[in-house]
Structures are given as C-alpha cells and as structure tokens.
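Residue numbers begin at 1 in each chain, while the letters A, B, ... track the order of the sequences.
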Protein chains: 2
Amino acid sequence: MGLPLEDIPELHDTQTYTLLRKGDALFKQGMSFTGLFLVRSGSLKQVSTTNTDESLVTAYAMPGDLVGLDAIGQNVYPGTALALETTTVSELPQERLSELGAQLPALRQQLCRNLSQEVHNERLMLRLLLRRTAEARLAYFFVAISERFRRRGYSPSRFRLALSRSDISSYLGLTVETVSRTLARFHRQELLTSRGRDFHILDWEGLVRLAEASGRRSGA
Amino acid sequence: MGLPLEDIPELHDTQTYTLLRKGDALFKQGMSFTGLFLVRSGSLKQVSTTNTDESLVTAYAMPGDLVGLDAIGQNVYPGTALALETTTVSELPQERLSELGAQLPALRQQLCRNLSQEVHNERLMLRLLLRRTAEARLAYFFVAISERFRRRGYSPSRFRLALSRSDISSYLGLTVETVSRTLARFHRQELLTSRGRDFHILDWEGLVRLAEASGRRSGA
DNA sequence: CGCGTCGTTGAATAGTTTCAATTCTGGTGG
DNA sequence: CCACCAGAATTGAAACTATTCAACGACGCG
C-alpha cells in the first residue's frame with residue numbers, strides 16, 4: 001500500500017461512502033473480489049491467516065491508500081481488512097473499474113504499474129528485513145511510516161499509529177517484547193519517543209542510519 | 001516468478017532467441033525497460049543491489065518463467081538478471097506487449113492478475129519467513145522449488161539447482177554457514193540429501209511438516 | 001472502581017552469526 | 001591426463017541477538 005494511484009482523478013468521483021467503527025471488517029479473507037476501496041479517513045490493517053493458523057499483519061492503510069489490490073489476482077480477498085479506529089472508505093466497484101479501464105487505457109496501465117512497483121517494493125523490503133536485526137527493522141519501519149505521513153501532508157515527525165505493539169511486531173516478524181525493548185532503547189538514545197500509540201521522531205538522521213545499516217557486522 | 005502466464009499462446013510465437021553463457025547478464029539493474037523475457041532453457045537469478053551496497057538474490061527463474069515483470073512499474077529493471085548456466089530466452093518486446101494488450105484485453109487483464117498474485121505471494125511468503133527459523137526457511141524453500149519443478153513437468157524429488165549455497169543463503173536471508181549446517185542436519189534426519197548442486201528429496205511429508213511449523217514454540 | 005487487555009521489564013534459553021580453519025570441487029594449464 | 005589452484009562448501013567454537021516464560025504496571029472501558 002502507499003501507492004501514488006490517488007493521482008487519478010476519476011477514482012475520486014464516488015458518492016458511496018462507508019463508515020466503519022473500530023474492529024469492523026471491510027471485507028473478510030476468502031470473500032470474492034467485489035472492488036477496491038479508497039481510505040478517506042481513519043486507518044485499517046490487513047490480516048492474513050495462513051493454513052497453519054498463524055495470523056499475520058500484512059499491510060497498513062492510511063487515508064489516501066487503496067485497499068484490496070492484492071485481491072485482483074485470485075478474485076478473492078487474501079486477507080481480512082479491519083478498521084483500527086473510526087474509518088470511512090469509498091468503494092470502487094469492479095464494474096466501474098472495468099468501465100474506466102476501457103475508457104482510459106492509461107488507468108489500466110497505471111494500475112499495472114502500481115502493482116509491478118509493489119512486487120518490487122515488497123520483494124526488496126522484506127528480503128532486506130530478513131537479514132536485519134530488530135533495531136534495524138524498527139528503524140526502517142518508522143522511517144517508512146514517517147515518509148508516508150509526509151507524502152500525505154501530515155507531520156512526518158509526530159503522528160499517531162493506530163497499530164498496537166502486537167500489530168507492529170507481527171508486521172515486522174518480531175515478538176511484542178522485542179519491539180517494546182527496542183522502542184525503550186530508541187527512547188534512551190533519543191531517537192524516537194512514544195507514549196502509547198503517539199510517536200515523536202527526534203533524530204531522523206539517526207533513524208535513517210540505523211535503518212540502512214543491517215545491524216550486523218559484515219556489510220554484505 | 002513461477003507464474004502461470006505461459007498459458008497464453010500468443011506469448012510463445014516468437015522467433016528471437018538469445019543465448020546466454022554462465023555469468024552473462026540478460027539485463028542490468030537500472031537499464032530502462034525494453035520488454036519481458038521468457039526462459040526457454042537453463043536458469044537465471046535476479047540480483048538487486050540496494051543503496052547500501054548489499055546485493056540480494058531476489059528471484060530465481062527456470063524454464064517457463066517470465067523475467068522482468070517487476071520492471072514495469074518504474075520502467076527500469078530493478079535488478080540484474082544473471083545466467084546461472086547456459087541459458088536461452090526469448091524476448092517479448094514492450095511494443096509487442098502493448099500491441100497484444102490492445103488486441104486482447106484478456107492478456108492485459110491476465111498480466112494484472114499475475115502481478116496482483118505476486119504481490120500477495122511475496123507479502124505472505126516473506127512475512128512468513130520473517131518469523132521462522134533457518135530450518136523452517138530452508139524446508140519451505142525446497143518444498144516451493146520442488147513444486148515448481150513438478151508443475152513444469154520435471155521430477156519433483158530429484159533436481160539440480162544452479163544456485164550456489166551463497167545464492168540460497170542470500171535468497172533466504174541467512175548466512176552460508178547456517179545453510180550448510182542445516183542441510184547437513186536434513187541429511188542426518190534423512191529428509192533431503194545433496195551433493196553439490198544436485199538435490200534429492202527423501203521425505204516430502206517431513207519437509208512439509210517443517211516448512212509449515214514456524215520452528216518456534218508458540219504457534220501464533 | 002474493578003477487570004481485562006496492552007505494554008513493559010527481567011532472567012534464562014535457544015538459535016544465528018561471526019571468525020577461523022579445513023576440505024572439497026571444478027576448471028585450467030602444463 | 002594429471003596436478004594444481006581458487007572458489008565453494010563444510011565444520012567447530014565463541015559471541016551475540018532474539019525468543020521464551022514469568023511477573024508486574026498502566027491504561028481504557030464498562
């Protein structure tokens with residue numbers, strides 16, 4: 001998520017808004033694909049449950065993000081989208097997407113571009129995270145989130161993340177305890193302070209440095 | 001990679017074959033996108049170098065696979081494709097793809113589907129690997145590779161992987177030593193034997209069991 | 001106000017990396 | 001054809017990082 005697809009004005013002419021309360025599901029894993037959703041306010045997390053009963057937080061969507069892109073492939077939503085707070089979304093039904101796609105080849109192309117971009121982002125980011133320490137993973141996470149806030153016009157240094165610690169740990173493949181301890185260390189090093197779900201980035205440079213270093217000795 | 005896009009017959013009507021010798025680059029990271037490639041024989045790895053000079057093996061392509069899908073987004077190849085052995089590929093130039101896309105809406109749609117599918121696969125697989133032990137990662141890797149060989153009509157239990165140990169370790173986010181030790185353990189447990197780059201799966205069930213377990217205590 | 005969930009902290013343990021030393025292998029040139 | 005070499009793969013021991021288990025404090029909601 002975090003796609004620059006919102007540039008396409010046609011996607012914004014929608015009247016159908018939906019209001020979700022905290023904990024409501026926008027769609028559930030396994031439901032057949034009916035359309036994409038554009039987040040207007042609030043935020044959502046996407047949770048995928050594997051065949052081994054693990055449930056993983058696989059995406060986080062904030063206002064301006066499109067939700068449901070990964071459902072196009074199988075025509076089925078591959079995870080459940082849960083509102084993390086009071087949230088409004090507008091729907092882009094499948095039929096309307098096809099219509100628009102027929103009228104505007106550019107739209108279809110842009111959609112492909114975005115998907116392709118995502119393939120690459122995820123491949124690289126996750127593979128990068130795979131060989132990084134908890135410290136580097138969290139630093140990377142906050143740098144990325146902060147940039148998303150900035151691009152959306154919010155403050156990049158102070159923000160509220162509706163995700164719980166346990167959501168964050170799931171997203172990064174760590175345990176809650178490790179996330180908590182690492183945040184405490186960041187606080188001590190005056191990189192980033194947090195009170196509950198409010199975060200305040202103090203030392204952007206320092207975070208970026210940690211995020212780019214693997215946290216391990218050899219730079220390979 | 002490993003996409004079921006080869007079902008589209010139009011993609012196969014190509015005369016331009018290219019021969020690559022071991023170590024040759026099909027394209028290099030940063031080159032602007034000129035088209036996709038279909039692997040006819042041999043195999044390739046895709047290596048992406050990050051801004052921090054790490055180079056990661058991000059994909060492995062065998063006969064029947066499409067290479068270059070992740071270049072569509074930025075119009076630039078996001079990694080270097082290197083032949084692991086003598087390899088032949090046929091090119092699907094960008095112009096031809098657009099032509100075909102205009103004639104056959106189904107093709108464009110299928111391409112989107114494949115991309116969307118990949119987004120989901122990578123998200124889930126890598127996030128799964130993120131919280132798994134080396135043992136589970138390798139088991140998962142061999143199960144996945146074996147299934148790819150089976151789908152392509154090769155033996156799923158005996159195969160030659162042109163990837164070096166170091167390529168595998170990079171792909172899975174481990175060190176060479178850990179891969180080596182874990183393979184040795186698999187051998188002792190009579191799950192999988194290997195001599196150099198030839199592998200022989202002895203106990204499919206056992207491998208699947210390891211791949212699905214996280215390798216950690218809590219099943220969360 | 002109490003209860004449950006979320007978040008934090010501590011100590012012991014398990015798993016991976018690191019560094020160093022060999023062994024094995026495939027390709028090359030004599 | 002064989003010996004040799006360099007890179008690849010393996011193995012061992014020590015250092016380090018994250019997880020596990022357990023206990024406790026904080027917060028929000030009914």
* Excluding sequence neighbours, so at least two apart, what forms side-chain hydrogen bond (donor to acceptor under 3.5 Å, both in side chains) with B:Thr58? -> none
* Asked: Taking B:Thr87 for the side chain and B:Glu85 for the main chain, is one N or O donor matched with an acceptor at less than 3.5 Å?
  -> yes
* D:dC16 C1' sits how many Å from A:Arg216 CZ, rounded? -> 9 Å
* Asked: With a 3.5 Å cut-off and no angle check, do the side chains of B:Arg40 and B:Ser90 form a donor-acceptor pair?
  -> yes
* Asked: Any side-chain hydrogen bond (donor to acceptor under 3.5 Å, both in side chains) pairs touching residues 27-39 of chain A, not counting sequence neighbours?
  -> A:Thr34-A:Tyr77
* Give me the residues of residues 185-196 of chain A where at least one heavy atom lies under 4.0 Å from an atom of DNA chain D, by number, or none. => A:Arg195
* **d(CD, A:Glu177; P, D:dA22) in whole Å** => 12 Å
* To do: Mind calculating the distance between CZ (B:Arg181) and P (D:dT10) to the nearest angstrom?
  => 11 Å
* Please, which pairs that meet ring-ring contact (aromatic ring centres under 6.0 Å, His included) have at least one residue in residues 183-214 of chain A, sequence neighbours excluded? -> A:Phe142-A:Phe199
* Whenever both distances are under 3.5 Å in a Watson-Crick or G-U wobble pair, mark it; put DNA chain C into dot-bracket that way, with [ ] for crossing pairs and | when the partner is on another strand. => |||||.||||||||||||||||||||||||
* Structure fact -> side-chain hydrogen bond (donor to acceptor under 3.5 Å, both in side chains) pairs touching residues 166-175 of chain A, sequence neighbours excluded, are A:Lys45-A:Asp167, A:Ser164-A:Asp167, A:Thr175-A:Thr178
* To do: Could you tell me whether B:Ser164 contacts a base, only the sugar-phosphate backbone, or nothing, with contacts defined as non-hydrogen atoms closer than 4.0 Å?
  => sugar-phosphate
* With sequence neighbours excluded, what pairs up with A:Glu212 under the salt bridge (Lys or Arg N to Asp or Glu O under 4.0 Å) test? -> none
* Asked: So where does chain A start and stop touching DNA chain C, 5' to 3', when the test is distance under 4.0 Å to a non-hydrogen atom?
  -> C:dC6 to C:dC19
* Look at all strands and tell whether B:Leu174 reaches a base, only sugar-phosphate, or nothing, counting heavy atoms closer than 4.0 Å. => sugar-phosphate
* Pairs touching residues 183-196 of chain A that satisfy salt bridge (Lys or Arg N to Asp or Glu O under 4.0 Å), sequence neighbours left out -> A:Glu135-A:Arg185
* Structure fact -> With sequence neighbours left out, the residues meeting salt bridge (Lys or Arg N to Asp or Glu O under 4.0 Å) with B:Arg197 are none
* Can you find an N or O donor on one side and an acceptor on the other, under 3.5 Å apart, linking the side chain of A:Arg131 with the base of D:dT17? -> no
* Structure fact -> Closest of D:dT20, D:dA9, D:dG12 to the A:Thr175 side chain is D:dT20
* Name all residues meeting the salt bridge (Lys or Arg N to Asp or Glu O under 4.0 Å) criterion together with A:Arg132; count only those two or more places apart in sequence or in a different chain, and write none if there are none. => B:Glu54
* Map B:Ala134 and B:Lys22 onto DNA chain C by nearest heavy atom, then report which one ends up closer to the 5' terminus. => B:Ala134
* Please work out if B:Thr133 contacts a base, only the sugar-phosphate, or nothing of the nucleic acid, heavy-atom cut-off 4.0 Å. => sugar-phosphate
* For DNA chain D, whose closest nucleotide is more 5', that of B:Val179 or that of A:Thr178? -> B:Val179
* Structure fact -> Out of D:dA8, D:dA13, D:dT19, minimum distance to the side chain of B:Arg197 belongs to D:dA8
* Structure fact -> Residues passing the salt bridge (Lys or Arg N to Asp or Glu O under 4.0 Å) test with B:Arg127, sequence neighbours excluded, are A:Glu122
